[in-house]
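Being a predicted model, the structure only gives us computed values, none of them experimental.
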Amino acid sequence: MVSVNSDPVMPTALKILIAGGFGVGKTTMVASVSEVPPLETEERMTEASLGVDDLSGVEGKVSTTVAMDFGRITIAPELVLYLFGTPGQDRFWFMWDDLATGALGAVVLADTRRLEASFASIDFFEERGIPFAVGVNCFHGRRDCTAEQVRAALDLDPATPVVLCDVRERASSKQVLLAVLEAAHARARAHRAAARPVVL
């Protein structure tokens, strides 16, 4: 007997941004976690970027994202995340507003060797009320700081998740994305509670 409810359930699609400073691992994270071949707009860096892009701490970087990265991951049969990696250099920040349109939340990737590069991303999402989680990319497996030390250094709200991660590893990147979903869910619950009428 065929069930009358045999139609497949269409999954809910949610948009998540992967942001952060130049060379912090955004392209690597999208590539590691995406279940489809990621779309990358990586181009080789040329002499034209000398004096324009700050290579402090990433002197060996030879390519850069010039538009965005794109990937997809299925979290559950009914939930798919579309990932948009933002360009990191100041000269491409004009694209961020368009990329942020319709985003449920964001990841701000941080490098403890260059934490100051995270402030612009944090400010961007705080000003727009977009919930985010900070993923502390532990380059080469090094964990020089605790999550609480990073939280204090970045002056984050206590409700903002901070996750130590290695974005080269799919499972680790997935944990950061789950933290974003939890932050967005908590924000939605708080808004619903604030909107409830007071009964006297």
Distance-only criterion, 3.5 Å: show the donor-acceptor pairs between side-chain atoms of residues 149-164 and protein atoms not counting sequence neighbours.
unit_1	atom_1	unit_2	atom_2	d
Q149	OE1	T146	N	2.8
Q149	OE1	T146	OG1	3.4
R151	NE	E148	OE1	3.4
R151	NE	E148	OE2	3.4
R151	NH1	D157	O	3.0
R151	NH1	T160	O	2.7
R151	NH2	T160	O	3.0
D157	OD1	A159	N	2.7

Using side-chain heavy atoms (C-beta onward) and a distance below 4.5 Å, is [X] in contact with [Y]?
X    : Y   : result
P87  : L99 : yes
V30  : F84 : no
R128 : D97 : yes

Let me confirm one number: the OG-CG distance from S121 to L109, rounded to the nearest 0.5 Å. 9.0 Å
Distance from Y82 atom OH to L17 atom CG, nearest 0.5 Å? 15.5 Å
Do the side chain of D111 and the main chain of V24 share a donor and acceptor less than 3.5 angstrom apart? no
If only atom types and distance count, is the side chain of E35 paired as donor or acceptor with the main-chain N or O of T74 below 3.5 Å? yes
Quick one: which of L81, I18, I73, T28 gives a side-chain contact (heavy atoms from CB on, under 4.5 Å) with V33? I73
Is the NZ or CZ atom of R72 positioned over F70's six-membered ring, under 6.0 angstrom from the centre and within 45° of the axis? no
Please report the closest heavy-atom contact between [X] and [Y], naming both atoms and the distance.
X   : Y   : result
T86 : G20 : OG1-N, 4.3 Å
G71 : S34 : CA-OG, 3.4 Å
K15 : D98 : NZ-O, 3.9 Å

Scan the side chains in residues 172-188 for donor-acceptor partners under 3.5 Å anywhere in the protein, sequence neighbours excluded, and list what turns up.
unit_1	atom_1	unit_2	atom_2	d
S172	OG	D166	N	2.8
S173	OG	S32	OG	3.1
S173	OG	V167	O	3.3
S173	OG	E169	O	3.3
H185	ND1	R189	NH1	2.8
R187	NH1	G129	O	2.8

Can V80 and T12 be said to form a side chain to side chain contact (heavy atoms under 4.5 Å, CB included), step by step? CA-CA 6 Å; V80 175; T12 298; over 6 Å; no
